[in-house]
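Before any comments, here is the structure.
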Amino acid sequence: TGGYVLSTLPSNSELFKKGLDWQWKTIDLCAEEKVNRQDPDFYRYMKLETTEGNKRACWNSWIAPYNFEGFFLNMGDMLVKSGDSQTAIKIYRNAMLAKNYSTWPYRTLLENHMKNAKENVKNFQKDNAPIAFNSGRGCVICHQK
């Protein structure tokens, strides 16, 4: 959640960079190893999915039925904002690995961000950029049932 809040800061700020680093650390914790930064395909880690214990926060659960999708939407937006649209597209694709991706109300938002990632680099660096945090959907991106 720290990265989500810090995503609104300028991409060159130390706190934004720290938030993006936290996103990577979260992925590493969930994968139980350091994920390849150039090819962050999460498919091989899907077998770790759980709804119990601390690791449930990595996945979808009763409290956040679209947590997985929302996390990767936000992280992709942060990568686009930082200027790395190529890695962002790979991160966005991870959201599509969720079993219930087809029922996620915000899949069109993610797909549009993925399709326009390269063009969005400049758009996402503006004040009040149309990133996940500023989408007007806030917490429901992950928590809407």
Side-chain angles (χ1 to χ4, degrees), residues 1-11 13-82 84-117 120-121 123-145:
T1 57
Y4 185 58
V5 174
L6 297 177
S7 69
T8 63
L9 298 175
S11 61
S13 76
E14 289 307 311
L15 282 175
F16 177 89
K17 292 174 187 175
K18 183 177 203 151
L20 186 54
D21 184 55
W22 287 343
Q23 300 292 96
W24 283 115
K25 286 180 180 176
T26 297
I27 288 177
D28 293 344
L29 286 169
C30 293
E32 300 178 357
E33 67 181 26
K34 186 169 183 168
V35 172
N36 185 320
R37 299 308 193 244
Q38 285 69 49
D39 187 21
D41 183 352
F42 215 71
Y43 176 78
R44 65 185 276 201
Y45 306 110
M46 297 305 288
K47 64 183 181 237
L48 301 172
E49 185 175 1
T50 184
T51 57
E52 298 178 11
N54 291 338
K55 294 283 178 152
R56 72 170 167 70
C58 299
W59 309 96
N60 294 335
S61 68
W62 66 272
I63 197 165
Y66 298 103
N67 185 60
F68 189 82
E69 295 92 330
F71 176 86
F72 285 112
L73 170 61
N74 178 67
M75 185 172 180
D77 284 358
M78 290 182 79
L79 285 163
V80 167
K81 187 172 180 172
S82 75
D84 189 356
S85 61
Q86 288 183 317
T87 305
I89 290 168
K90 295 172 185 176
I91 286 293
Y92 287 139
R93 281 191 188 124
N94 286 328
M96 298 174 173
L97 297 171
K99 293 175 194 166
N100 61 341
Y101 177 77
S102 66
T103 64
W104 185 36
Y106 304 103
R107 65 186 178 280
T108 303
L109 178 67
L110 178 131
E111 290 166 11
N112 285 335
H113 284 201
M114 187 167 65
K115 181 174 72 174
N116 299 309
N120 278 338
V121 169
N123 294 332
F124 285 10
Q125 292 176 354
K126 296 176 185 174
D127 289 340
N128 294 316
I131 59 174
F133 189 89
N134 293 334
S135 69
R137 293 157 177 102
C139 298
V140 299
I141 286 176
C142 296
H143 292 275
Q144 183 174 345
K145 294 180 182 185

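All figures in this text were calculated on a predicted structure; none of them were measured in a lab.
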Worksheet item: Could Lys17 and Asp21 be called an ion pair, given the rule that one side-chain N must be under 4.0 Å from one carboxylate O?
Response: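 Salt bridge flag = no for Asp21 with Lys17.
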
Quick one: does [X]'s side chain have a donor or acceptor within less than 3.5 Å of a partner on [Y]'s backbone?
X: Asp84; Y: Thr87; value: yes
X: Asn94; Y: Phe42; value: yes
X: Tyr92; Y: Asn112; value: no
X: Ser13; Y: Pro10; value: yes
X: Asn67; Y: Trp59; value: yes
X: Gln125; Y: Lys81; value: yes

Worksheet item: Does a sphere of radius 6.0 Å around CG in Asp39 hold more than 12 heavy atoms from other residues, nucleotides or ligands, not counting ones at 6.0 Å or beyond?
Response: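 Correct, the count exceeds 12.
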
Fill in: Heavy atoms of other groups near Gln86 CD, more than 12 under 6.0 Å
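Not buried by this count: 12 neighbours or fewer within 6.0 Å.
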
Worksheet item: Are Met78 and Phe124 side-chain neighbours, meaning at least one heavy-atom pair lies under 4.5 Å?
Response: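 No, side chains not in contact.
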
Item to complete: Taking the side chain as every heavy atom from C-beta outward, state whether Pro65 and Trp104 have any atom pair closer than 4.5 Å.
Response: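 Counting from C-beta outward, Pro65 and Trp104 never come under 4.5 Å.
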
Worksheet entry | salt bridge (charged side-chain N to carboxylate O under 4.0 Å, His left out): pairs with one or both residues in residues 90-99, sequence neighbours excluded |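 For residues 90-99: Glu49-Lys99.
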
Discussion item. Enumerate the salt bridge (charged side-chain N to carboxylate O under 4.0 Å, His left out) contacts for residues 54-66, please, sequence neighbours excluded, ordered by first and then second residue.
Written reply: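 Pairs touching residues 54-66 that pass the test: Glu32-Lys55.
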
Practice prompt. Would you please test Asp77 and Asn74 for side chain to side chain donor-acceptor pair (under 3.5 Å) and show each step?
Written response: CA-CA 5 Å; Asp77 284 358; Asn74 178 67; over 6 Å; no

Fill in: Centroid separation Phe68 to Tyr101 less than 6.0 Å
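No, ring centres 6.0 Å or more apart.
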
Practice prompt. Report the residue from Ser11, Ser85, Ser82 that forms a side-chain contact (heavy atoms from CB on, under 4.5 Å) with Val121.
Written response: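 Going through the options one by one, the only one that passes is Ser85.
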
Worksheet item: Which residues pass the side chain to side chain donor-acceptor pair (under 3.5 Å) test with Asp28, sequence neighbours left out?
Response: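 Residues passing side chain to side chain donor-acceptor pair (under 3.5 Å) with Asp28: Arg37.
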
